[in-house]
Amino acid sequence: TTFIINCAPVDVGQGAGALVCFEDITHVEQIGQMRRDFVANVSHELRSPLTALSGFIETLRGPARDDEVARERFLAIMQDEASRMERLVKDLLSLSRVESEERQRPTTEIDILRVIGSVLHSLQPLILGNNIEIVQEFANDKIILAGDQDQLQQVLTNLIENAIKYGGRDQRVHVRASTTNDEPTMRGPAVVVAIRDQGPGIDQIHIPRLTERFYRVDSHRSREIGGTGLGLAIVKHILNRHRGRLRIDSTLGNGSEFRVILPLGKNI
Ligand code: ADP
């Protein structure tokens, strides 16, 4: 705990006294530390592709100048590194935008089933490329809620992309959506969208930390797959803005289920 102690002499009528004020600034300190950690993480994440790029540029201008095969190989790696930086900057911008809008409640009425449809449509190349079977189970024809269409699209894209990326090829991914009146974390009716994969699952110890920025279970694998470590942090902030929740159920060896819970209608 960190305190600021302020003292001032006071005269309360019965002689001189002292006023001592204790101000608990633990929370402010923690926020400062989080900000410093974040800047350090961002710098680290940006530095590694930059170091790789400058190394390859040097080699291409020097020893590999006349080696056509090496040149092609190095250029391909450089392109990957540049895309990695692009993804990182894009996710950082999303995160900062989402954070700055977090207090404005969305008011537009949208049909979450249509959002799911459009996410699945735009992920078709990834779905087909990995031979994934998407099983859709919807209990209603439409589910209307007050939300930000683009942001909820981003939430579901991140979760379905993760199910495919981490779940692996040739698997079935279930996407369920239903409404409920007795979701314990909501005061009224809610919609639950569940995304279940048949992948390797996640060890319990990691689950509470998955929505932290740059937290990855296996950083090497995440980087290889093209992850930035920011996807679930973005999901969490968007759901905060919608007064929603993310629940993660996973067992090692038995796949993972990510459930998005959003309040319906009057609750917002
Ligand atoms: P990334 O950009 O690395 O994918 P995310 O924030 O989206 O970052 O996810 C954080 C970490 O959670 C991932 O690095 C991965 O280790 C783990 N993860 C997310 N979704 C799944 C999943 N469906 N199955 C297994 N692990 C997952």
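We count ligands from 1, going down the list as the structure has it; atoms in each ligand are counted the same way. The first residue of the sequence shown is numbered 1, and numbering continues consecutively from there. Nothing here was measured: the structure is a model prediction, and the numbers come from that model.
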Atoms of ligand 1 less than 4.0 Å from S256 heavy atoms?
24 (N)
Is there any N or O on L232 that sits under 3.5 Å from an N or O of ligand 1?
yes
Using distance alone, determine whether G229 and ligand 1 share an N or O pair under 3.5 Å.
yes
Check each atom of ligand 1 against the heavy atoms of G231 and keep those under 4.0 Å away; list them by number with element.
5 (P), 6 (O), 7 (O)
Go through the steps for R87 and E161 under the test salt bridge (Lys or Arg N to Asp or Glu O under 4.0 Å), then give the verdict.
CA-CA 14 Å; R87 275 195 306 275; E161 246 177 23; over 6 Å; no
Any luck finding a side-chain donor-acceptor pair between E45 and T228 under 3.5 Å?
no
So the atoms of ligand 1 within less than 4.0 Å of a heavy atom of Y215 turn out to be 10 (C), 11 (C)
Please give me the minimum heavy-atom distance between A163 and Q171, naming the atom from each residue.
O-NE2, 2.9 Å
Are side-chain N/O atoms of D37 and Q33 paired as donor and acceptor at under 3.5 Å?
yes
Quick look: D197 vs ligand 1, heavy-atom contacts under 4.0 Å, and the answer is side chain
Kindly say whether S100 contributes a backbone atom to a donor-acceptor pair with the side chain of H237 at under 3.5 angstrom?
no
Distance under 4.0 Å to a non-hydrogen atom of K165: what atoms of ligand 1 satisfy this?
4 (O)
So the atoms of ligand 1 within less than 4.0 Å of a heavy atom of T228 turn out to be 1 (P), 2 (O)
Taking atom 3 (O) of ligand 1 as the reference point, the nearest protein heavy atom with its distance
S222 OG, 2.6 Å
Side chain or backbone, does V217 bring an N or O within less than 3.5 Å of an N or O on ligand 1?
yes
Short question: side chain of N158, backbone of G231 - any donor-acceptor pair under 3.5 Å?
yes
Quick note on ligand 1: atoms under 4.0 Å from a heavy atom of L210 include exactly 12 (O)
In terms of its nearest heavy atom to atom 27 (C) of ligand 1, the top option of N162, I202, I164 is I202
Nearest-neighbour protein heavy atom for atom 13 (C) of ligand 1, which is reported as residue plus atom name and distance:
Y166 OH, 3.4 Å
Shared hydrophobic cluster for L232 and L126 (ILVMFWY, side-chain gaps under 4.5 Å)
yes
Kindly indicate, with the supporting measurements, whether the criterion salt bridge (Lys or Arg N to Asp or Glu O under 4.0 Å) is fulfilled by E81 and R84.
CA-CA 5 Å; E81 295 294 334; R84 181 139 82 92; 3.3 Å; yes
Polar side-chain atom of Q204 near backbone of S250 as donor-acceptor pair, under 3.5 Å
yes
